[in-house]
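In what follows, a structure is listed as structure tokens, so that the remarks can point back to it.
Below, each value reflects all heavy atoms present in this structure, side chains not excepted, and no hydrogens, waters or symmetry copies. In this chain, residues are counted from 1 in sequence order.
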Amino acid sequence: MHDKAAKVIPDIAIVVFDGVELLELAVANDVFGTNITGPDGNPLYRVFICGVAPAVITAAGFSMQVLHGLDAVARAHTVIVPPAKSIDHQVPAAVLDALRAASNDGKRILSLCTGAFVLAAAGLLDGHTATTHWTSCAELARAYPQVRVDPKPLYVDEGNLLTAAGSAASLDLCLHIVQRDYGAEIANRVARDMVVPLHRPGGQAQYIETPLPDAAEADLFSDTLGWLREHLAEPVAVNELAHRATMSPRTFARRFVASTGTTPRQWILRERVRLAQRLLETTDLPVDVIAHKSGFGTPDNLRKHFARAVRTTPQAYRRAFQAPDPAPALAMTS
């Protein structure tokens, strides 16, 4: 996928069965079925909604035609499992077999919301970290003790095995996949087309039966995050942020986590990596200049944090995702 010269359009197989929830199905279909194209003008993906039967009864109670069989899973680059109406919904054995075969073939498999229960039932999550909707995390851990269930993140990425939390987190995960495959600029175009942010701050821990922050606090941290994005190249200390917000450092740190779901330091690191990604994709600036502009200071510091977050080097990322130069314009003759 990271080879810009590759012409193969990856297939996405979305597996459905009776009881399929429509929101997550629509999210996957809209993100991967986007009209936005890659640098070569080709579609980003080909989407196949597939299943055991030629029709399914959706969670909304109406029948939906399914035009492709489970052979689409065998051909796919990525397999997506949306949730069913209830976590104890009966999953066809053929679906579980197809998922196991896909996993054995090294395909990328992701679940959306409580679709994690389907992956767990197939045995794919044993020994892995996974997440699901926060209301179902305890049940997933109880029913499948071999799975390390983490209720905090919006999604968990373990390479070829990915799980999303609640319904909206399915959108976060699908956009994350687009960024993994095509880089931040293309993913940002898809997100803007859907009128959503490419990344939401924090995790689902901030939604677990806790009161919403009042409007004044929400505005306060909105201003703080906006200021931080404009000053990523500068050294920033929590004490300075607390002073700007007229709070003690301890109170600021506690309320920042409650509002965003992450610490100030982790938020700043993540945003600096994303800025470095954009600069690598859209400019020819040397790595040392990008390290300075993104706030990492030195190339070594950039490489360290970039490798942790993106699992590759800045130069390898640039080779994979930088758009090719446009063809030179013909010189006009008099």
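When all heavy atoms of Ala233 and Lys293 are compared, the closest pair comes out as CB-O, 3.3 Å. In terms of heavy atoms, Val79 sits closest to Leu99 at CG1-CD2, 3.8 Å. Across all non-hydrogen atoms, the minimal contact from Thr114 to Pro83 is OG1-CB, 3.1 Å. Contact between Leu119 and Ile109 at its shortest, heavy atoms only, is CD2-CG2, 3.8 Å.
Looking at heavy atoms from C-beta onward, Phe48 lies out of side-chain contact with Leu67 at the 4.5 angstrom threshold. Taking the side chain as every heavy atom from C-beta outward, Glu24 and Ser167 approach each other to under 4.5 Å. Contact of the Trp227 side chain with the Leu241 side chain is registered, since non-hydrogen atoms from C-beta on lie closer than 4.5 Å. Between Leu25 and Met64, some side-chain heavy-atom pair lies under the 4.5 Å cut-off.
Formation of a donor-acceptor pair under 3.5 Å by the Thr163 side chain with backbone atoms of Thr131 is found in this model. Between the side chain of Glu271 and the backbone N or O of Arg229, no donor-acceptor pair lies under 3.5 Å.
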Between Val238 and Phe256, is the side-chain contact (heavy atoms from CB on, under 4.5 Å) condition met? List the steps.
CA-CA 10 Å; Val238 174; Phe256 190 96; over 6 Å; no

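Using a cut-off of 4.0 Å between Lys/Arg side-chain N and Asp/Glu carboxylate O, Lys152 and Asp150 are scored as salt-bridged. Electrostatic pairing of Arg278 and Glu281 does not count as a salt bridge here, judged by no charged N lying under 4.0 Å from a carboxylate O.
Partner Phe296 forms a side-chain contact (heavy atoms from CB on, under 4.5 Å) with one of Ile290, Leu269, Leu232 and no other, that one being Leu269. Shown are His176, Arg108, His77; of these, the side chain to side chain donor-acceptor pair (under 3.5 Å) with Asp181 is made only by Arg108.
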